[in-house]
Participant: 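Pasting in a structure now, in structure tokens, and then I'll have a few things to ask.
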Amino acid sequence: LVLLAAYVGYVGLGAAVLQALERPAEVQAAQHLLREHWELLANHTCLQGPALQRLIEGIIQAYKSGITLQGNTTSLGRWDFSGSFFFSISAITTIGYGNLSPSTAIGRIFCIVFALFGIPLNLVLLNEIGQLMLLGVQHCACRLEEVFHWQNKASFLMKTCALVTGLLLFLLLPPLLFSDKEGWSYEEGFYYSFITLSTIGFGDYVIGMNPDRTYPSWYKNVISLWILFGMAWLALVIKFCINLLE
């Protein structure tokens, strides 16, 4: 009961803080959208309200499918092999960004079957990667104990090194790559890194989706590997936090 109360209280605290931080921006954005809508209708009297609404809804639906307008043409590419591979990774890792999803019935059925077997496979792989990381840290700690005759210091030192190395490789350095390839700020790249590796996956920031940018062929493949190893590392950190809480 105490744990349940702490859980509900923590979630309630998060809700209150987020409401205070985000609600004013939401109201402001809604008011701005309404102003733009009525100004457009007032300045272009040939436009009809229902027709404009249908166009807006069509644009939103097309954007969800990965299609954007570029002048007199449309951009495609979210469902090429590279984009489909990245979607498969986001599905079986349970990140589920939500910015892209199958639109055909057979595609949705396949996605269910694919995830049903892919999620356990992904968990097994992440567990093996995590165990290898732990074995590497323990092996290095044993070597330090043998060479310098340290005992508790060697284990603490190696765990600290593993934590710092993981922070650099998976959270602190990747935002620099995202700043270069996506044009995001460092804060946006760091936010994307944590939201992705923790499998929260809001979908407000997703790599390789800007139609105005040209991405190298290796980009999504490297990010897929980063996701796998980063999730394994963050899972170990979260497991350590769980042990502290328990």
Side-chain angles (χ1 to χ4, degrees), residues 1-22 88-98 112 115-175 186-206 223-246:
L1 288 176
V2 173
L3 182 60
L4 178 62
Y7 180 86
V8 174
Y10 189 78
V11 174
L13 175 64
V17 172
L18 286 170
Q19 181 184 19
L21 294 175
E22 298 296 329
S88 300
I89 288 287
S90 69
I92 65 174
T93 54
T94 69
I95 296 172
Y97 289 114
I112 292 171
L116 183 63
F117 293 97
I119 291 173
L121 178 62
N122 176 73
L123 291 174
V124 170
L125 177 62
L126 288 182
N127 183 61
E128 289 297 319
I129 293 174
Q131 291 301 318
L132 286 174
M133 289 179 175
L134 278 177
L135 286 174
V137 171
Q138 291 170 358
H139 177 73
C140 293
C142 290
R143 293 293 297 170
L144 284 176
E145 288 179 4
E146 292 174 1
V147 174
F148 297 101
H149 304 290
W150 293 341
Q151 293 182 352
N152 295 332
K153 289 183 179 179
S155 178
F156 176 77
L157 180 62
M158 288 312 305
K159 287 179 180 178
T160 303
C161 288
L163 178 64
V164 172
T165 303
L167 280 172
L168 286 172
L169 290 178
F170 302 121
L171 289 178
L172 298 179
L173 293 180
Y186 185 86
E187 176 270 327
E188 290 171 327
F190 184 83
Y191 168 80
Y192 167 79
S193 298
F194 182 80
I195 293 300
T196 294
L197 298 184
S198 61
T199 73
I200 296 172
F202 288 126
D204 47 353
Y205 289 91
V206 184
I223 297 303
S224 298
L225 288 175
W226 167 76
I227 288 174
L228 281 177
F229 286 92
M231 284 179 61
W233 171 81
L234 191 59
L236 293 176
V237 175
I238 291 174
K239 185 178 180 181
F240 175 72
C241 294
I242 290 173
N243 292 334
L244 285 179
L245 287 172
E246 288 181 340

Participant: Let me confirm one number: the CD-CG distance from Glu246 to Leu3, rounded to the nearest 0.5 Å.
Facilitator: 9.5 Å
Participant: Could you work out, with side chain to side chain contact (heavy atoms under 4.5 Å, CB included) as the rule, every residue matching Leu126, not counting sequence neighbours?
Facilitator: Asn122, Leu228, Met231, Ala232
Participant: What is the distance from atom CD1 of Ile227 to atom CD1 of Ile95, rounded to the nearest 0.5 Å?
Facilitator: 4.5 Å
Participant: Distance check, rounded to the nearest 0.5 Å: Lys159 atom NZ versus Leu134 atom CG?
Facilitator: 8.5 Å
Participant: I want to check something: taking the side chain as every heavy atom from C-beta on, are Trp233 and Leu169 in contact at a cut-off of under 4.5 Å?
Facilitator: no
Participant: For Leu172 and Phe190, which heavy atoms make the closest approach, and how far apart are they?
Facilitator: CD2-CE1, 3.9 Å
Participant: Answer yes or no: does atom OH of Tyr186 have more than 12 heavy-atom neighbours from other residues, nucleotides or ligands under 6.0 Å?
Facilitator: yes
Participant: Atom CE in Met133, atom OG1 in Thr165: separation rounded to 0.5 Å?
Facilitator: 10.5 Å
Participant: Say you draw a straight line from CG of Leu123 to OG1 of Thr93; how long is it, rounded to the nearest 0.5 Å?
Facilitator: 10.0 Å
Participant: Kindly compute the distance separating CG (Leu173) from CG (Leu168), expressed to the nearest 0.5 Å.
Facilitator: 5.0 Å
Participant: Quickly, which of Ile242, Leu167, Leu163, Leu197 forms a side chain to side chain contact (heavy atoms under 4.5 Å, CB included) with Val237? Name it, please.
Facilitator: Leu163
Participant: List the atom pairs, with distances to 0.1 Å, where a side-chain N or O of residues 10-19 and a protein N or O form a donor-acceptor pair under 3.5 Å, not counting sequence neighbours.
Facilitator:
none

Participant: Apply side-chain contact (heavy atoms from CB on, under 4.5 Å) to residues Ile92 and Leu121 and explain how you reach the verdict.
Facilitator: CA-CA 8 Å; Ile92 65 174; Leu121 178 62; 5.9 Å; no
Participant: Would Ile129 and Phe229 satisfy side-chain contact (heavy atoms from CB on, under 4.5 Å), going step by step from the backbone distance to the final call?
Facilitator: CA-CA 7 Å; Ile129 293 174; Phe229 286 92; 3.7 Å; yes
Participant: Show me the pairs that pass side chain to side chain donor-acceptor pair (under 3.5 Å) and involve residues 190-203, at least two apart or across chains.
Facilitator: Tyr97-Tyr192, Tyr97-Thr196, Tyr191-Asp204
